[in-house]
**Q** 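Sharing a structure here in structure tokens format.
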Amino acid sequence: MIDIQLVRDHSDEVIQRLKIRNFDAADIVNKLKEADMLRRQSQKELDDTLAEGNELARKIGELFKSGRGAEAAELKEQSATLKKQAKQLQEQLEVSAQEVDTLITQLPNLPHKSVPAGNSEADNLIVFEEGIVPESDDNALPHWELARKFDLIDFEAGTKITGSGFPVYMGKGARLQRALISFFLDQAVQAGYKEVQPPLLVNEASAYGTGQLPDKDGQMYYVGADKLYLIPTSEVPVTNILRDSILGEDELPVKYTAYSVCFRREAGSYGKDVRGLNRLHQFDKVEIVQVTNPEKSYQALDDMVAHVSGLLQKLELPYRITRLCGGDLGFASALTYDMEVFSAAQKRWLEVSSISNFETFQSQRMKLRYKTSTGKNVFAHTLNGSALALPRIMAALLENNQQPLGVNVPAVLRPYTGFDLIE
RNA sequence: GGAGAGGUGGCCGAGUGGUCGAAGGCGCACGCCUGGAAAGCGUGUAUCCGUCACAAGCGGAUCAAGGGUUCGAAUCCCUUUCUCUCCGCCA
């Protein structure tokens, strides 16, 4: 969530900046200011009443000790009324605090100054493009046909076992998948990220911490019997490792990488965009996460983009980088770069990574702070990015490297796959 | 899933109704001491909210979480949760 102090002091700026997202915050902000004022007023009244009660209790204690029971009894009556008052004020405070909370969690993060205005994907800014985009070849097979031809993925079996969007990787397909995971993890570790293996189910507090709740309830699979959510990305468990903690400044930046399976309900999606591996309910992903000083977070973001660029270069995939426009920006993000690879047969760009700086949006929610050298506790910045999401990388590798005899495996992966050609 | 024990500050650990945010120790920081260090000595060392200048000061809250008893609770009662031990089940 955004800093309440910003709403108090610079509400106009908050409203202005959220316009970049096409988000009209005026109403919420005004209500929020009012609720905040009410909350503070309630707090004050409650504190004063409690202070009075404490004072009274002290007096009664003294009277008891000096054996003046009668006087104490009188004061007890006062205490009873104070207590009733306090209880009322307490309830009032809870209501207004709840109101503040409800309102502030409705506000998305403030976009960074470099975020372009726009409504949709189409308005995203292409900031970089590299690699040779394969020439239009109408004989090129889409990956789902290659997958069938070489027995790499059994979509039908997945549908039978579970439902659509749960493919079964077979043979060299499974091996290629495992190779990619190992390659990505090794690369991340080499770049200084600590490898972690997180739980795949998280509780409500964790889902709230990274911003999936309350915003994206319904996009996650929910295990009602235990009140747990299947993770849509390992960002959730990994970032929450540091929930409710105060780090030393010398511990920053924290850099984690994790491989995990990810689950997304993707309710309502259909059509050719979801063919094959393009959009799944279950998929694999290697994630990188950083927690940094506020001053260093944008440098960290650039480093993460460079890291992912390096992966795509090593895989010899043509890619481009877009800066998301306000309308396409995720709820919690201040600035996001999407990485897209070109798939030769589908002849379109596929998003394979999304790298974001959340500034303090997540850390405010999960109370992730660090102690500055001056001894002050401040919220850290959190960032994360896919490095990388597997299915579309797999799709692009298959489509772009297809030959009459089979599919070539990029050189960097061969030590991991143990084969050069899928035939 | 069943039975029992327990969750106190960065850590260990006292504290069974009264001035306890909490003894003591360790750790850490600073100072003294030293050629330097160790030892020793001294001082300090939680978080959040409100007031206010996001200062000082003052007030409030926090001893797993929530509720209750009481003038007053870390201390008593209830619920939840987590950890440990034993049993059951199981990769």
Side-chain angles (χ1 to χ4, degrees), chain A residues 1-11 13-14 32-101 103-104 197 199-209 223-228 237 240-252 254 261 294 359-360 363-380:
Chain A
M1 65 193 175
I2 68 170
D3 191 349
I4 185 79
Q5 200 63 43
L6 268 176
V7 176
R8 285 179 195 154
D9 301 340
H10 307 287
S11 56
E13 190 195 328
V14 170
L32 183 55
K33 280 173 84 169
E34 201 171 315
D36 178 53
M37 219 139 69
L38 204 69
R39 201 220 90 215
R40 287 191 288 169
Q41 196 185 318
S42 304
Q43 180 83 57
K44 178 103 181 79
E45 283 173 34
L46 175 63
D47 286 356
D48 289 348
T49 308
L50 289 175
E52 221 178 304
N54 288 344
E55 181 56 34
L56 208 55
R58 246 188 304 268
K59 272 189 201 154
I60 293 172
E62 278 165 29
L63 289 175
F64 264 124
K65 271 188 187 159
S66 52
R68 290 184 281 173
E71 288 175 57
E74 259 176 62
L75 292 183
K76 274 194 195 179
E77 278 177 41
Q78 270 186 54
S79 177
T81 51
L82 271 180
K83 205 180 166 184
K84 239 179 266 170
Q85 267 179 42
K87 180 142 191 166
Q88 245 177 22
L89 289 168
Q90 174 81 43
E91 277 162 20
Q92 193 181 311
L93 173 65
E94 265 159 34
V95 168
S96 53
Q98 183 59 51
E99 176 75 2
V100 168
D101 196 60
L103 287 166
I104 199 162
Q197 218 176 82
L200 305 183
L201 285 94
V202 295
N203 57 31
E204 197 179 322
S206 294
Y208 175 81
V223 182
D226 297 289
K227 296 184 180 162
L228 296 173
N240 272 285
I241 291 171
L242 297 170
R243 169 152 54 86
D244 287 320
S245 57
I246 302 174
L247 301 167
E249 192 165 14
D250 56 348
E251 293 177 75
L252 301 177
V254 176
V261 181
E359 297 192 357
T360 65
S363 62
Q364 293 243 14
R365 286 187 171 211
M366 65 173 84
K367 312 233 182 310
L368 199 186
R369 291 155 294 171
Y370 73 95
K371 198 176 277 294
T372 65
S373 50
T374 56
K376 208 175 161 187
N377 295 329
V378 296
F379 290 105

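Lettering of chains follows the sequences in order, A, B, ..., and the numbering in each one begins at 1. Nothing here was measured: the structure is a model prediction, and the numbers come from that model.
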**Q** Determine the Euclidean distance between corresponding C1' atoms of B:rC84 and B:rC26; express it in Å to zero decimal places.
**A** 24 Å
**Q** At what distance, to the nearest 0.5 angstrom, does OG1 of A:Thr49 lie from NZ of A:Lys84?
**A** 14.0 Å
**Q** For B:rG21 and B:rG10, measure between their C1' atoms and round to the nearest Å.
**A**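 Comparing C1' positions in B:rG21 and B:rG10 gives a spacing of 16 Å.
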**Q** Students often get this wrong, so: under 4.0 angstrom with heavy atoms, is A:Lys367 touching a base, only sugar-phosphate, or nothing?
**A**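 Here A:Lys367 touches no strand at all.
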**Q** Could you state the CD-P distance from A:Glu91 to B:rG67, rounded to the nearest angstrom?
**A**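 Nearest whole value for this atom pair: 11 Å.
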**Q** B:rG50 phosphate, OP1 or OP2: any side-chain N/O from A:Arg8 under 4.0 angstrom?
**A** yes
**Q** Give A:Asp48 one of three labels, base, sugar-phosphate or nothing, depending on what nucleic acid heavy atoms sit under 4.0 Å from its own.
**A** nothing
**Q** Side chains of A:Gln43 and A:Arg40 only: does a donor on one sit below 3.5 Å from an acceptor on the other?
**A** no
**Q** What is the nucleic acid contact for A:Arg40, judged by heavy atoms within less than 4.0 Å: base, sugar-phosphate only, or nothing?
**A**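 Sugar-phosphate, backbone atoms only, no base.
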**Q** Taking atom C1' in both B:rC63 and B:rC58, what distance in whole Å separates the two?
**A** 24 Å
**Q** Expressed in angstrom and rounded to an integer, what is the separation of A:Leu82 atom CG from B:rG59 atom C1'?
**A**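 After rounding, the reported distance stands at 15 Å.
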**Q** NA contact type, A:Ile246, heavy-atom cut-off 4.0 Å: base, sugar-phosphate, or nothing?
**A**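 Contact class for A:Ile246: sugar-phosphate only.
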**Q** Using side chain to side chain contact (heavy atoms under 4.5 Å, CB included), reason through A:Asp36 and A:Ile4 one step at a time and then give a plain yes or no.
**A** CA-CA 9 Å; A:Asp36 178 53; A:Ile4 185 79; 4.0 Å; yes
**Q** A:Ala51 side chain: which of B:rG50, B:rG60, B:rG18 is closest?
**A**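 Per side-chain heavy atoms of A:Ala51, the pick is B:rG60.
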**Q** What is the distance, rounded to the nearest whole Å, between atom CD of A:Gln90 and atom C1' of B:rA61?
**A**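 In whole Å, B:rA61 C1' and A:Gln90 CD are 9 Å from each other.
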**Q** So for atom CD, which belongs to A:Glu77, do other residues, nucleotides or ligands contribute more than 12 heavy atoms lying within a distance under 6.0 Å?
**A** no
**Q** Return the polar atom pairs (N/O with N/O) between nucleotides 75-80 of chain B and the protein under 3.5 Å, or none.
**A**
none

**Q** So does A:Lys371 get a side-chain nitrogen or oxygen closer than 4.0 Å to the phosphate oxygens (OP1/OP2) of B:rA29?
**A**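 It does not, given that no N or O in the side chain of A:Lys371 lies less than 4.0 Å from OP1 or OP2 of B:rA29.
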**Q** Return the 5'-most residue of the pair A:Ile60, A:Asp9 with respect to RNA chain B, ranking by each residue's nearest nucleotide.
**A** A:Asp9
**Q** Looking at every strand, decide which applies to A:Lys44 at a 4.0 Å heavy-atom threshold: base, sugar-phosphate, or nothing.
**A**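 Sugar-phosphate contact only.
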**Q** Return whichever of A:Gly61 or A:Ala80 has its heavy-atom-nearest nucleotide of RNA chain B closer to the 5' end.
**A**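 So the residue in question is A:Gly61.
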**Q** How long is the line joining CD of A:Glu94 and P of B:rG60, in whole Å?
**A** 19 Å
**Q** B:rG2 and B:rG88: how far apart are their P atoms, nearest whole angstrom?
**A** 15 Å
**Q** In whole angstrom, what separates A:Asp226's CG from B:rC82's P?
**A**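 Whole-Å distance recorded here is 10 Å.
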**Q** Between B:rU16 and B:rA22, how far apart are the two C1' atoms, rounded to whole Å?
**A** 15 Å
**Q** For the CD atom on A:Glu34, are there more than 12 heavy atoms of other groups (residues, nucleotides or ligands in this structure) within a distance under 6.0 Å?
**A**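 Counting other residues, nucleotides and ligands, CD of A:Glu34 stays at 12 neighbours or fewer.
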**Q** Between B:rC49 and A:Arg39, is there an OP1 or OP2 to side-chain N/O distance shorter than 4.0 Å?
**A**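 Negative; the distance criterion is not met.
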**Q** Do other residues, nucleotides or ligands put more than 12 heavy atoms under 6.0 Å from A:Glu204 CD?
**A** no
**Q** Counting heavy atoms from C-beta on, name the nucleotide in B:rC54, B:rU69, B:rC48 closest to the side chain of A:Lys83.
**A** B:rU69
**Q** On the nucleotide B:rG59, are OP1 or OP2 found under 4.0 Å from the side-chain N or O atoms that A:Asn54 carries?
**A**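 It does not, given that no N or O in the side chain of A:Asn54 lies less than 4.0 Å from OP1 or OP2 of B:rG59.
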**Q** Looking at every non-hydrogen atom in both residues, tell me the closest pair between A:Ser373 and A:Glu249 and how far apart they are.
**A** N-OE1, 3.1 Å
**Q** For A:Gln88, does the CD atom sit with more than 12 other heavy atoms under 6.0 Å from it, leaving out its own atoms?
**A** no
**Q** If a pair means Watson-Crick or G-U wobble with both distances below 3.5 Å, what does RNA chain B look like in dot-bracket form, with | marking bases paired to a different strand?
**A** ((((((((.[[[..)..(.....]]]((((((.......))))))((((((.....)))))).[[[[[..)....]]]]])))))))....
**Q** Specify the separation, in whole Å, of atom CD of A:Glu249 and atom P of B:rA29.
**A**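 Atom-to-atom, A:Glu249 to B:rA29, this comes out as 16 Å.
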**Q** Whole-Å distance between B:rC49 P and A:Gln5 CD?
**A**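 So the two atoms are 10 Å apart, to the nearest Å.
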**Q** In sequence, state the C-alpha distance, the side-chain angles, and the governing distance for A:Arg58 and A:Glu55, and then conclude on salt bridge (Lys or Arg N to Asp or Glu O under 4.0 Å).
**A** CA-CA 5 Å; A:Arg58 246 188 304 268; A:Glu55 181 56 34; 3.4 Å; yes
**Q** Rounded to the nearest angstrom, tell me the gap between atom CG in A:Asn203 and atom P in B:rA65.
**A** 16 Å
**Q** Apply side chain to side chain contact (heavy atoms under 4.5 Å, CB included) to the pair A:Leu32 and A:Val100, showing each step before the final yes or no.
**A** CA-CA 6 Å; A:Leu32 183 55; A:Val100 168; 4.0 Å; yes
**Q** Identify the two heavy atoms, one from A:Ala205 and one from A:Arg243, that lie closest to each other, and give their separation to 0.1 Å.
**A**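 A:Ala205 and A:Arg243 have their closest heavy atoms at CB-NH1, 3.6 Å.
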**Q** Counting heavy atoms from C-beta on, name the nucleotide in B:rA61, B:rG72, B:rC48 closest to the side chain of A:Leu50.
**A**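 Closest of the options to the side chain of A:Leu50: B:rA61.
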**Q** Expressed in whole Å, how much space separates the P atoms belonging to B:rG25 and B:rC77?
**A** 32 Å
**Q** Would you check if there is a donor-acceptor pair between the side chains of A:Glu74 and A:Gln78 at a distance under 3.5 Å?
**A** no
**Q** Determine whether a donor-acceptor pair (one donor, one acceptor, N or O, separation below 3.5 Å) exists between the side chain of A:Asp47 and the base of B:rG59.
**A**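 Side chain to base: pair present.
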**Q** Taking the C1' atom of each, how far is B:rA55 from B:rA65, in whole Å?
**A** 34 Å
**Q** How far, in whole Å, is B:rG9 from B:rA46 if one measures between their C1' atoms?
**A**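 Straight-line distance between the two C1' atoms is 6 Å.
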